[in-house]
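Below you'll find the structure, written out as structure tokens, and then a few comments.
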Amino acid sequence: MIQASLLNQTHLAVPGDQEVTLTHTSDKLSSFLKVSEKEWLVLLRKCRSVADLKQAHAQVVKLGLFHKPFCASNLVSVAALADWGSIDYACAIFDQIEEPGSFEFNAVIKGYAKEMRFVEALWLYQAMVENGVEPDQFTYPALLKGGGLSSDAAIQVHGHVLKFGFAEDLFVQTSLISLYGRCGEVELSRAVFGEIGVRNVACWSALISANARCGLWDECLEVFGEMMREGVCRAEESALVSVVSACTHLGALELGMCAHGLLLRNVAGLNVAVQTSLIDMYVKCGAVDKGMDLFRKLERRNLLSYSVMISGLAIHGRGEEALNVFSQLLAAGLEPDHVAFVGVLSACSHAGLVDEGLKYFGRMRNEFGIQPTIQHYGCLVDLMSRAGMTSEALALIQSMPMEPNDVCWRSLLSSCRVHRDLDTGEVAAKQLHLLNTENAGDYMLLASIYSQAQRWDDVARIQTEMARKGRAKTPGYCLVEVKRRVYKFFPQEKSYPKCEGVYEMIHQMEWQLRFEGYNADTTQVLLDVDEEEKKERLSAHCQKLAIAFALLHTSEGSPIRLARNLRMCSDCHRYTELISVIFGREIIVRDRNRFHHFKNGTCSCKNYW
DNA sequence: ATAGGGTTAG
């Protein structure tokens with residue numbers, strides 16, 4: 001006999017030790033001898049709590065019917081699969097069954113998997129096989145539900161699938177695709193998918209989300225396209241959730257809007273998951289107001305929807321609104337988790353709300369009992385150092401209860417450049433060096449700090465070291481979407497016909513800028529050359545080229561959306577502020593970490609970047 | 001009874 005409950009050391013009271021009646025079922029139970037299996041099931045389905053189940057159980061025991069084969073089995077099944085935390089109770093009943101078969105095993109395995117208790121699910125599955133109970137076609141989808149197994153366990157279970165002859169079962173195959181996706185083995189997902197003869201929506205969706213889960217966004221969209229071309233079926237919600245998520249990560253607003261359109265046409269009443277992914281997509285593609293709009297209209301919000309909105313507002317520098325959404329979360333009676341607090345702290349950091357940030361950090365620990373992680377400390381470091389408190393940030397890093405990672409040091413280093421703190425910057429750079437996680441960008445930051453101090457020998461030393469270590473500078477680029485096409489600009493870009501008229505436009509822009517009192521900020525040009533040449537270099541930065549191009553090719557007054565792979569230099573930032581007022585355009589720039597909305601001569605980041 | 005979905009510092 002297998003003791004399922006021993007696996008988790010939870011022993012529940014065995015029913016029958018107290019006189020109880022199940023109000024709306026007792027009359028039926030009293031005539032149970034005449035009641036069929038089906039009616040017993042109907043009865044069980046009326047249960048809404050563990051207490052209900054215990055009462056049903058107690059009465060069945062009293063009537064001496066517990067050992068009727070279907071009776072205990074159905075009790076286990078209902079208890080294992082219910083949504084009110086009765087899995088341990090299901091185990092207790094399971095242990096009283098003398099010869100459990102695959103039905104009973106499946107129910108408890110699925111119950112464990114549903115509760116993300118994968119170790120126990122796998123354990124019970126192994127016990128099943130060892131005891132000579134043959135898995136059936138329901139066993140594998142049950143075991144793989146939630147897909148929290150390790151790669152090794154997944155491959156082992158896949159072996160069993162082959163051994164027991166379920167390699168051709170579409171349900172099993174779909175579970176495997178999803179499982180491999182969850183443990184990062186997307187090639188194996190694809191391999192399983194390749195063996196399927198007749199594909200349906202579910203297995204396509206599984207492959208799409210497997211790619212999404214592994215961060216293969218392009219591939220995710222590609223598979224989606226393949227599915228559409230094969231005309232398998234209309235797009236379904238669950239595939240589109242991954243597609244929308246891919247658009248979010250790629251910054252593909254147009255495509256994301258197409259997916260939204262597909263959803264509206266094909267699915268009546270979008271559920272919370274889809275709505276949340278749409279909100280995230282709009283916000284992270286720069287259309288924060290559209291995202292906020294969807295959020296306001298969302299009726300059944302959960303913790304995830306709130307968290308998405310909070311961190312979304314954060315990257316747009318809309319700190320007060322983010323804090324407002326957070327108080328709505330509390331007012332709705334939801335318990336914030338560590339993810340929600342990452343959003344809150346990052347909102348404070350991007351908006352320069354230093355006191356607020358520190359206050360929320362304290363509340364997180366004291367009021368909500370959440371242990372801060374490195375991410376929370378990272379936000380605090382960022383919060384302080386951005387606000388110019390670089391030495392305080394350094395002290396915080398040194399006193400954190402965990403080892404600081406490269407992110408913390410890099411955040412400090414980049415603030416040291418903005419606030420021209422050479423001493424602290426050197427400390428941060430040294431630590432990055434010790435962690436051996438430094439990248440080309442870190443060298444550039446340090447070199448930039450030295451150049452601000454006119455220490456050209458040090459600049460040269462850094463550049464030599466960078467070359468010696470083979471850390472190539474990532475080429476910066478700037479994307480701009482004009483008339484549904486995306487154009488990519490590199491610094492000093494000269495390609496014809498893209499650049500036709502662009503340099504003339506740059507001259508015209510600079511001529512007007514001078515009237516507004518613009519002076520090129522050459523401090524971040526890492527070359528020991530004369531001022532004129534520095535200015536020359538600056539004026540050909542990719543962001544300026546992209547803006548000139550957009551001004552030439554878009555209608556007056558329409559917003560300009562740019563996306564870049566690196567952060568912009570201080571000169572490009574100032575320049576863009578002025579262009580927004582001179583040309584009356586809203587310019588939205590997405591950099592590596594956040595959005596900048598330039599409008600009427602100012603930027604939403606309030607120079608916190 | 002069976003399969004597929006959304007958030008996380010820089």
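In the text below, chain A, chain B and the rest are named by the order of the sequence lines, each starting its count at 1.
A:Val407 comes within 4.0 angstrom of a nucleotide base, judged by non-hydrogen atoms across all strands. Looking at heavy-atom distances under 4.0 Å, A:His338 makes contact with a base. In this structure, A:Asn439 reaches neither bases nor backbone, as no heavy-atom distance under 4.0 Å exists between it and the strands shown. Across all strands shown, A:Val272 has heavy atoms under 4.0 Å from base atoms, whether or not it also approaches the sugar-phosphate. Among the protein residues, A:Asp169 comes within range of no part of the nucleic acid, since none of its heavy atoms lies under 4.0 Å from any strand. Using a 4.0 Å heavy-atom distance criterion, A:Ile374 is classed as a base contact. Within 4.0 Å (heavy atoms only), A:Val244 reaches no atom of the nucleic acid at all.
You'll find that the side chain of A:Ser178 is closest to B:dG4, out of B:dG10, B:dT8, B:dG4. Listed nucleotides B:dA1, B:dA3, B:dA9 differ in distance to A:Phe103; the shortest reach to its side chain belongs to B:dA1. Minimum atom distance to the side chain of A:Asn302 is reached by B:dG6, of the listed B:dG6, B:dG5, B:dA3. Among the nucleotides B:dG6, B:dG4, B:dA9, the one closest to the side chain of A:Ala273 is B:dG6. The side chain of A:Ser175 lies closest to B:dA3 when the candidates are B:dG5, B:dA3, B:dA1. For A:Ala202, taking side-chain heavy atoms from C-beta onward, the closest of the listed nucleotides B:dG4, B:dG6, B:dA9 is B:dG4. The side chain of A:Cys408 has B:dA9 as its nearest neighbour among B:dA9, B:dG6, B:dG10. Taking every side-chain heavy atom of A:Cys379 into account, B:dA9 is the closest of B:dA1, B:dA9, B:dA3. Comparing B:dG10, B:dG4, B:dT2 by their nearest atom to the side chain of A:Asp382 picks out B:dG10. The A:Leu304 side chain lies nearest to B:dT7 when the options are B:dT7, B:dT2, B:dA9.
For the pairing with A:Tyr180, the side-chain contact (heavy atoms from CB on, under 4.5 Å) check across A:Leu149, A:Leu144, A:Ile155 returns one residue only, A:Ile155. A side-chain hydrogen bond (donor to acceptor under 3.5 Å, both in side chains) with A:His316 holds for exactly one of A:His597, A:Arg590, A:Arg594, A:His596; it is A:His597.
B:dG5 atom P lies 13 Å from atom CG of A:Asn211, rounded to whole Å. Distance, A:Lys145 NZ to B:dA1 C1': 11 Å, rounded to whole Å. Residue A:Lys114 contributes atom NZ, which lies 16 Å from atom C1' of B:dA3 at whole-angstrom precision. Remark: P of B:dA3 and CG of A:Asn106 are 11 Å apart, rounded to the nearest angstrom. B:dG10 atom P lies 10 Å from atom CG of A:Leu345, rounded to whole Å. Here B:dG10 presents its C1' atom at 17 Å from CE of A:Met384, a figure rounded to the nearest Å. One interatomic measurement links the two molecules: CG of A:Leu81 to P of B:dT2, which rounds to 10 Å at whole-angstrom precision. With rounding to whole Å, A:Glu195 atom CD is found 22 Å from B:dA3 atom P.
Listed pair A:Lys110 / B:dA1 fails the phosphate criterion, with no side-chain N or O lying under 4.0 Å from OP1 or OP2. Listed pair A:Lys284 / B:dT7 fails the phosphate criterion, with no side-chain N or O lying under 4.0 Å from OP1 or OP2. Listed pair A:Arg594 / B:dA9 fails the phosphate criterion, with no side-chain N or O lying under 4.0 Å from OP1 or OP2. Between A:Ser245 and B:dT7 there is a side-chain polar atom (N or O) within less than 4.0 angstrom of OP1 or OP2. Contact annotation: A:Arg213 does not reach the phosphate of B:dG4 (side-chain N/O to OP1 or OP2, under 4.0 Å). Close to B:dG5, at under 4.0 Å from its OP1 or OP2, lies a side-chain N or O of A:Arg182. An OP1 or OP2 oxygen of B:dG10 is reached within less than 4.0 angstrom by a side-chain nitrogen or oxygen of A:His350.
Of the possible polar contacts, none joining the A:Asp289 side chain to the A:Met292 backbone as a donor-acceptor pair under 3.5 Å is found.
Using modelled atom types and a 3.5 Å distance limit, the side chains of A:His338 and A:His376 yield no donor-acceptor pair. Side-chain contact annotation: A:Ser277 with A:Asp280, donor-acceptor N/O pair under 3.5 Å absent. Between the side chains of A:Thr139 and A:Asp136, at least one donor N or O lies within less than 3.5 Å of an accepting N or O.
Side-chain atoms of A:Asn593 stay outside donor-acceptor range of the base of B:dA9, with no qualifying N/O pair under 3.5 Å. No N or O donor and acceptor, one from the side chain of A:Ser411 and one from the base of B:dG10, sit under 3.5 Å apart. The base of B:dG6 is not paired with the side chain of A:Ser277 by any donor and acceptor separated by under 3.5 Å. The base of B:dG10 has none of its N or O atoms less than 3.5 Å from a complementary donor or acceptor on the side chain of A:Asp406. Between the side chain of A:Thr276 and the base of B:dG6, a donor-acceptor pair under 3.5 Å is found.
Annotation for A:Gln398: atom CD counts as buried by contact number, over 12 foreign heavy atoms lying within 6.0 Å.
Evaluation of A:Phe171 against the base of B:dT2 yields a stacking contact (centre distance < 5.5 Å, interplanar angle < 30°).
Taking 4.0 Å as the cut-off between side-chain N and carboxylate O, A:Lys359 and A:Glu356 count as a salt-bridged pair.
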